Structures are given as C-alpha cells and as structure tokens.
Undergrad: 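Please see the structure below; I have some questions.
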Amino acid sequence: MKILMVLTSHDKLGNTGHKTGFWLEEFAAPYYVFKDAGAALTLTSPLGGQPPLDPKSNEADSQTDATIRFGSDDNAQHQLTNTHKLSEININDFDAVFYPGGHGPLWDLAQDQDSIALIEAAYQAGKIVSAVCHAPAVFKHTKSSSGEPLIKGKAVTGFSNTEEDAVQLTNIVPFLVEDMITQNGGHYSKAEDWHPHCVVDGLLITGQNPASSEAVAQAVLKQLS
C-alpha cells in the first residue's frame with residue numbers, strides 16, 4: 001500500500017504580509033493513520049524540500065494528539081524536510097493520493113500543471129484521489145477524460161464559505177473552495193462549521209475542514225482494503 005501526500009510550497013497569505021502554507025493537523029493526522037496501517041508514504045511538493053507550515057496551525061490551541069506526536073517524531077520531521085519534487089513523481093508508483101489543506105494550495109497547487117496532470121492520471125488509472133479542507137482547491141482545473149470538470153456531478157466537500165468568513169479571509173483568498181466546487185458542477189455538502197464531514201464518491205474522497213482529516217484518511221484506507 002503506497003500513498004503519495006502532496007503538500008503546498010506557497011507561504012504568502014495574499015498581500016496581508018502574513019505567512020501561510022499547509023495546516024499541521026491536516027498533514028499529521030492522516031500521516032499517522034496511514035503510517036499505523038502499514039502504508040509506505042512518499043511526500044512531495046511543487047518545489048521539493050521543506051514545505052511551509054502555516055504558523056497558526058502550530059499554536060497551542062491548534063494542537064492535537066497527532067500534531068504532538070509529530071513534534072517528537074524525528075523520522076517524520078526528516079521526511080517532511082525532504083519532500084520530493086512534484087515534477088519527478090510517477091503516479092504509477094502509488095495506490096492513492098492525499099492532499100492536506102491549509103491556505104497555501106489555493107495559490108499554487110490549484111494552478112500547478114504537475115498536480116493537475118497527476119490527479120487526472122491517477123483518476124483515469126483507478127487510483128484514489130483525496131483532499132481535505134482547502135486542498136479540494138486542487139480540483140479547480142482538473143478535467144475528466146471527456147474534458148468536463150473532474151468533479152462535475154460528483155459529491156464533494158471542502159472548506160465552507162461560512163468557515164472562510166469566520167477566519168476573516170473571504171476577501172484575501174484567490175477563490176472560495178465551496179464556490180469553486182459548485183461552479184465546476186460538483187454537488188457540494190457541508191456539516192456545521194468546524195464539525196467533521198467526509199464525503200466519498202467513488203475514487204474521490206474529500207473532507208470539509210481540519211476536524212475531517214482523520215475521517216478522510218480512514219476512508220482512503222477503507223477503499224484501499
């Protein structure tokens with residue numbers, strides 16, 4: 001069981017002067033769900049090397065069992081520091097793909113041609129494609145073999161407009177995940193803000209917010225088994 005985790009390389013939160021990147025819980029929780037199940041994990045990012053961590057996700061009130069475990073896991077930290085370059089990844093080497101969120105993917109992975117090609121190839125090869133929170137942004141430009149948006153007609157979730165509003169970034173982000181999903185013909189659904197919500201539609205598995213990270217990872221394992 002080989003799983004590819006694709007992280008953002010983007011660290012600027014629009015023109016706010018603040019930093020962003022990937023959200024720690026959305027990486028750490030799935031990482032350990034996969035690891036504890038015996039999966040072989042490969043980490044990648046557009047630029048390779050150390051992906052930027054959203055500093056807010058490492059604050060005291062954002063800590064979970066998984067993030068605390070990661071904080072004392074030298075092997076995991078070494079692996080994260082040395083992500084492979086996305087352009088050098090061959091999807092044929094993997095059974096599933098997982099995208100952690102954070103605001104970073106809105107700027108880079110949503111537009112990244114290597115990421116788009118990877119998702120389209122994975123889906124056409126019958127591999128699981130999963131994403132949580134802001135990471136469903138990666139489906140903005142992906143197409144099915146018929147040329148339609150990949151998520152058209154599919155059940156999908158992601159960070160909701162009301163959650164984006166709650167963190168006061170509605171006017172900062174380049175687009176809203178919920179709106180993009182709807183515009184691409186996806187059937188968007190959500191739970192209450194900050195509550196876990198995982199949606200499975202065939203090979204496509206998505207989660208609404210950080211609280212959904214573990215559920216998405218468990219759903220990936222269930223499909224793989």
Side-chain angles (χ1 to χ4, degrees), residues 3 5-11 13-14 18-34 43 45 51-59 61-64 66-67 70 80 96-110 112 115 119 128-140 142 151 154-170 172-182 184 186 188-201 204-220:
I3 300 175
M5 299 184 79
V6 186
L7 295 111
T8 182
S9 292
H10 184 88
D11 70 348
L13 190 60
H18 295 298
K19 292 292 189 185
T20 190
F22 72 93
W23 196 261
L24 185 55
E25 161 71 1
E26 296 168 29
F27 165 73
Y31 180 90
Y32 288 116
V33 169
F34 296 146
L43 310 186
S45 61
L53 172 67
D54 188 314
K56 282 188 180 302
S57 72
N58 205 22
E59 291 176 356
D61 61 355
S62 297
Q63 296 298 322
T64 64
T67 65
F70 176 76
L80 183 67
V97 186
F98 178 86
Y99 283 81
H103 282 88
L106 294 169
W107 277 275
D108 65 347
L109 291 171
D112 188 281
S115 177
I119 292 168
I128 295 164
V129 181
S130 55
V132 70
C133 199
H134 285 91
V138 301
F139 301 121
K140 184 173 172 64
T142 54
I151 59 174
K154 296 185 175 67
V156 190
T157 190
F159 206 58
S160 67
N161 289 356
T162 50
E163 287 168 322
E164 200 69 80
D165 210 37
V167 297
Q168 301 181 317
L169 291 172
T170 299
I172 304 298
V173 294
F175 62 92
L176 295 168
V177 175
E178 178 180 338
D179 287 357
M180 180 278 294
I181 290 170
T182 304
N184 274 0
Y188 181 83
S189 67
K190 64 176 182 176
E192 286 181 54
D193 289 0
W194 317 116
H195 285 244
H197 182 57
C198 172
V199 174
V200 179
D201 190 330
L204 203 62
I205 304 175
T206 49
Q208 180 180 329
N209 47 34
S212 312
S213 305
E214 196 165 308
V216 172
Q218 296 286 7
V220 170

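What you are looking at is a predicted structure, and each value in this text was computed from that prediction instead of being measured.
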Undergrad: Check whether any side-chain N or O of Ser57 sits under 3.5 Å from a backbone N or O of Leu24 as a donor-acceptor pair, and report yes or no.
TA: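 It does hold such a pair.
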Undergrad: Would you check if the distance from the ring center of Phe70 to the ring center of Tyr32 is below 6.0 Å?
TA: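 When the ring centroids of Phe70 and Tyr32 are compared, they turn out to be at least 6.0 Å apart.
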Undergrad: Would you say that Phe159 contacts Val167 through its side chain, given a criterion of any heavy-atom pair below 4.5 Å between the two side chains?
TA: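 A side-chain contact exists here, since the closest heavy-atom pair is under 4.5 Å.
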Undergrad: Are Ile151 and Ile181 side-chain neighbours, meaning at least one heavy-atom pair lies under 4.5 Å?
TA: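 In contact.
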Undergrad: If we only count heavy atoms from C-beta on, is the Asn209 to Val132 side-chain gap below 4.5 Å?
TA: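 Answer no - side chains too far apart.
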Undergrad: If we count only N and O atoms by modelled type, under 3.5 Å, do the side chains of Thr182 and Asp179 hold a donor and an acceptor together?
TA: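 Asp179 and Thr182 do not have a side-chain donor-acceptor pair below 3.5 Å.
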Undergrad: Between Thr8 (side chain) and Phe22 (backbone), is there a donor-acceptor pair under 3.5 Å?
TA: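 Judged by distance alone, no pair lies under 3.5 Å.
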Undergrad: Hey, does Val97 have a side-chain heavy atom less than 4.5 Å from the side chain of Ile128?
TA: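 Heavy-atom side-chain distance check fails, nothing below 4.5 Å.
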Undergrad: Rounded to the nearest 0.5 Å, what separates atom CE in Met5 from atom CG in Leu80?
TA: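 That separation rounds to 9.5 Å.
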Undergrad: How about Glu164 and His134: does a side-chain donor come under 3.5 Å of a side-chain acceptor?
TA: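 Yes, His134 and Glu164 have a side-chain donor paired with an acceptor closer than 3.5 Å.
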Undergrad: Does Asp108 have any salt bridge (Lys or Arg N to Asp or Glu O under 4.0 Å) partners at least two apart in sequence or in another chain, and if so, which?
TA: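 Checked Asp108 against salt bridge (Lys or Arg N to Asp or Glu O under 4.0 Å); zero matches.
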Undergrad: Tell me yes or no: between the side chains of Thr64 and Glu25, is some donor less than 3.5 Å from an acceptor?
TA: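 Side chains of Thr64 and Glu25: pair found under 3.5 Å.
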Undergrad: Mind checking the OG-NE2 spacing from Ser45 to His10? Nearest 0.5 Å is all I need.
TA: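 Between Ser45 OG and His10 NE2, I get 13.5 Å after rounding to 0.5 Å.
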Undergrad: Could you walk me through whether Val216 and Thr206 satisfy the side chain to side chain contact (heavy atoms under 4.5 Å, CB included) test, starting with their C-alpha distance in whole Å, then the side-chain angles of each, then the deciding distance to 0.1 Å, before giving a yes or no?
TA: CA-CA 6 Å; Val216 172; Thr206 49; 6.0 Å; no
Undergrad: Taking ring pair (Phe, Tyr, Trp, His ring centres under 6.0 Å) as the definition, give me every residue that meets it alongside Tyr99, ordered by chain and number, with sequence neighbours left out.
TA: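 None.
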Undergrad: If I take atom CZ from residue Phe27 and atom CG from residue Asp54, how far apart are they, to the nearest 0.5 angstrom?
TA: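 Separation between the atoms: 15.0 Å.
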Undergrad: Quick one: pull up CD in Glu178 and OG in Ser189 and give me the separation to the nearest 0.5 Å.
TA: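 Rounded to the nearest 0.5 Å, the CD-OG separation comes out at 9.5 Å.
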Undergrad: Please report the interatomic distance NZ(Lys190) to CG(Asn161), rounded to the nearest 0.5 Å.
TA: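 Rounded to the nearest 0.5 Å, the NZ-CG separation comes to 7.0 Å.
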Undergrad: Will you find, in the side chains of Gln63 and Asn58, an N or O donor that is under 3.5 Å from an N or O acceptor?
TA: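 Per modelled atom types, Gln63 and Asn58 side chains form a pair under 3.5 Å.
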Undergrad: Charged N to carboxylate O below 4.0 Å: is that the case for Asp11 and Lys19?
TA: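 Yes, charged N to carboxylate O under 4.0 Å.
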Undergrad: Return yes if some donor-acceptor pair links the side-chain N/O of Tyr188 with the main-chain N/O of Met180 below 3.5 Å, else return no.
TA: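 Here the side-chain-to-backbone pair does not exist.
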Undergrad: Does Asp201 reach the main-chain N or O of Leu204 with its side chain, forming a donor-acceptor pair under 3.5 Å?
TA: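 Side chain of Asp201 to backbone of Leu204: no pair is present.
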Undergrad: Do Ile119 and Val138 come within less than 4.5 Å of each other through their side chains, counting heavy atoms only?
TA: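 Yes, close enough: below the 4.5 Å cut-off.
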Undergrad: Between Asn184 (side chain) and Lys140 (backbone), is there a donor-acceptor pair under 3.5 Å?
TA: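 Flag set: sc Asn184 to bb Lys140 pair under 3.5 Å.
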Undergrad: Once rounded to the nearest 0.5 Å, what's the spacing between atom NE2 of His103 and atom NE2 of His18?
TA: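 If I round to the nearest 0.5 Å, the distance is 12.5 Å.
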Undergrad: Does some side-chain heavy atom of Thr20 sit less than 4.5 Å from a side-chain heavy atom of Pro52?
TA: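 They are not in side-chain contact.
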Undergrad: For Gln208 and Glu163, which I'm curious about, is there any donor-acceptor pair between the side chains at under 3.5 Å?
TA: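 Note: Gln208 and Glu163 side chains meet the donor-acceptor criterion.
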